[in-house]
Amino acid sequence: VELKESGGGSVQSGGSVRLSCAISGSRFKAYNPYCVGWFRQRPGKEREAVARIDRDGFTRYIDSVKGRFTISQDDSKTSLYLQMNNLKEDDTAKYFCASGEPGLWCHDRFLEIYFGYWGQGTQVTVSS
C-alpha cells in the first residue's frame with residue numbers, strides 16, 4: 001500500500017484547507033475491509049490520531065477536531081480527503097495519511113500502531 005499526501009500550506013486562523021491522499025498498491029482492495037486515516041505531528045509533540053474512516057464510511061474523530069474536520073473518500077476509494085475548517089493555530093502540524101492492514105477493519109482503539117502504511121506527510125501552518 002502506498003500513500004501520498006498533498007494539499008498542505010499556510011492559512012490564517014479561521015481559514016480552511018483540504019488535504020488529499022492518493023492510495024495505491026496491489027494489496028489495497030476497495031471491496032475488502034480496510035481502515036484509513038489521518039494523523040498529525042504538532043511541533044514538539046508526539047504524532048497523534050486525527051480522523052479515520054473504514055470501507056463502509058464509518059468515521060471517528062478526536063474531540064479537538066469534531067465539528068471542524070471532515071474525513072471522506074471518493075467513490076473509487078483511491079483518494080482520501082481531510083477537509084479542515086475553522087483552523088486554529090494549534091492545528092499547525094505535519095499531517096500524515098495512513099492505512100491499516102488491508103483486509104482488516106478499524107481497531108477499536110484509534111492508535112498509530114494499528115496503521116502500518118504511511119505517507120510522507122504534508123505541512124499545514126495556521127497563523128493568526
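This chain uses plain numbering: 1 for the first residue, then up along the sequence. Values below: every heavy atom of this structure, side chains too, minus hydrogens, waters and symmetry copies.
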TODO: Look up atom CG in Leu80 and atom OG in Ser20, then write down how far apart they are to the nearest 0.5 Å.
DONE: 8.5 Å
Task: Exercise: identify the closest heavy-atom pair between Trp105 and Pro33 - done: CE2-CB, 3.4 Å
Open item on the list: Can a donor-acceptor pair be found, under 3.5 Å and without considering hydrogens, that links the side chain of Glu5 to the backbone of Gly121?
Closed with: yes
TODO: Treat each ILVMFWY residue as a node, draw an edge where side-chain heavy atoms are under 4.5 Å apart, and state whether Val65 and Trp38 are in one component.
DONE: yes
Task: Any Met84 side-chain heavy atom under 4.5 Å of Val11 side chain - done: no
- [ ] Step through the shown structure and confirm whether more than 12 heavy atoms of other residues, nucleotides or ligands are within 6.0 Å of CG on Asp56.
- [x] yes
TODO: Give a yes or no on whether the backbone of Ser79 and the side-chain of Asp74 come within a donor-acceptor separation of less than 3.5 Å.
DONE: yes
Task: In one Ile/Leu/Val/Met/Phe/Trp/Tyr side-chain cluster, 4.5 Å: Phe28, Tyr31 - done: no
- [ ] Grab the two heavy atoms, one from Pro43 and one from Thr92, that are nearest each other, plus how far apart they are.
- [x] CD-O, 3.4 Å
Open item on the list: Taking NZ in Lys29 as the centre, count heavy atoms belonging to other residues, nucleotides or ligands within less than 6.0 Å. Is the count above 12?
Closed with: yes
Open item on the list: Give me the atom names and distance for the closest heavy-atom approach of Gln73 to Ile23.
Closed with: NE2-CD1, 4.3 Å
Task: Chi angles and distances behind the side chain to side chain contact (heavy atoms under 4.5 Å, CB included) call for Val36, Ile53 - done: CA-CA 6 Å; Val36 290; Ile53 188 168; 3.6 Å; yes
TODO: Provide the closest heavy-atom pair for Gly103 versus Asn32 in the form atom of the first, atom of the second, distance.
DONE: CA-CB, 4.5 Å
Task: Under 3.5 Å: donor-acceptor pair, side chain of Arg52, backbone of Cys106 - done: no
Task: Any donor-acceptor pair under 3.5 Å from Ser13 side chain to Ser128 backbone - done: no
Open item on the list: Let me confirm one number: the OG-CG distance from Ser16 to Asn86, rounded to the nearest 0.5 Å.
Closed with: 8.0 Å
Task: Same apolar cluster: Phe115 and Tyr61, side chain cutoff 4.5 Å - done: no
Task: Test log, rule side chain to side chain contact (heavy atoms under 4.5 Å, CB included), inputs Tyr34 and Glu101 - done: CA-CA 7 Å; Tyr34 63 78; Glu101 190 64 28; over 6 Å; no
TODO: May I ask you to say whether Arg42 pairs ionically with Asp91, meaning some side-chain N is under 4.0 Å from a carboxylate O?
DONE: no
Task: Shortest non-hydrogen contact from Val17 toward Gly7 - done: CG1-O, 3.4 Å
- [ ] Measure the spacing between CD1 of Ile71 and CG of Leu19 and express it to the nearest 0.5 Å.
- [x] 10.5 Å
Task: Distance, nearest 0.5 Å, that separates CG of Asn85 from CZ of Arg18 - done: 11.0 Å
Task: From NZ (Lys4) to OG1 (Thr122), nearest 0.5 Å - done: 9.0 Å
Task: Phe39 ring center near Trp118 ring center (under 6.0 Å) - done: yes
Task: Sub-4.5 Å side-chain heavy-atom contact between Leu3 and Ser99 - done: yes
TODO: Write out all pairs satisfying ring-ring contact (aromatic ring centres under 6.0 Å, His included) with one or both partners inside residues 62-99, taking only residues at least two apart or from two chains.
DONE: none
Open item on the list: Quiz question: by atom type and distance under 3.5 Å, do the side chains of Arg27 and Tyr117 form a donor-acceptor pair?
Closed with: yes
Open item on the list: To the closest 0.5 Å, what do you measure between NZ (Lys88) and OG (Ser64)?
Closed with: 8.0 Å
Open item on the list: Is it the case that the side chain of Arg40 and the backbone of Lys94 share a donor-acceptor pair, with hydrogens and angles ignored and the cut-off at 3.5 Å?
Closed with: no
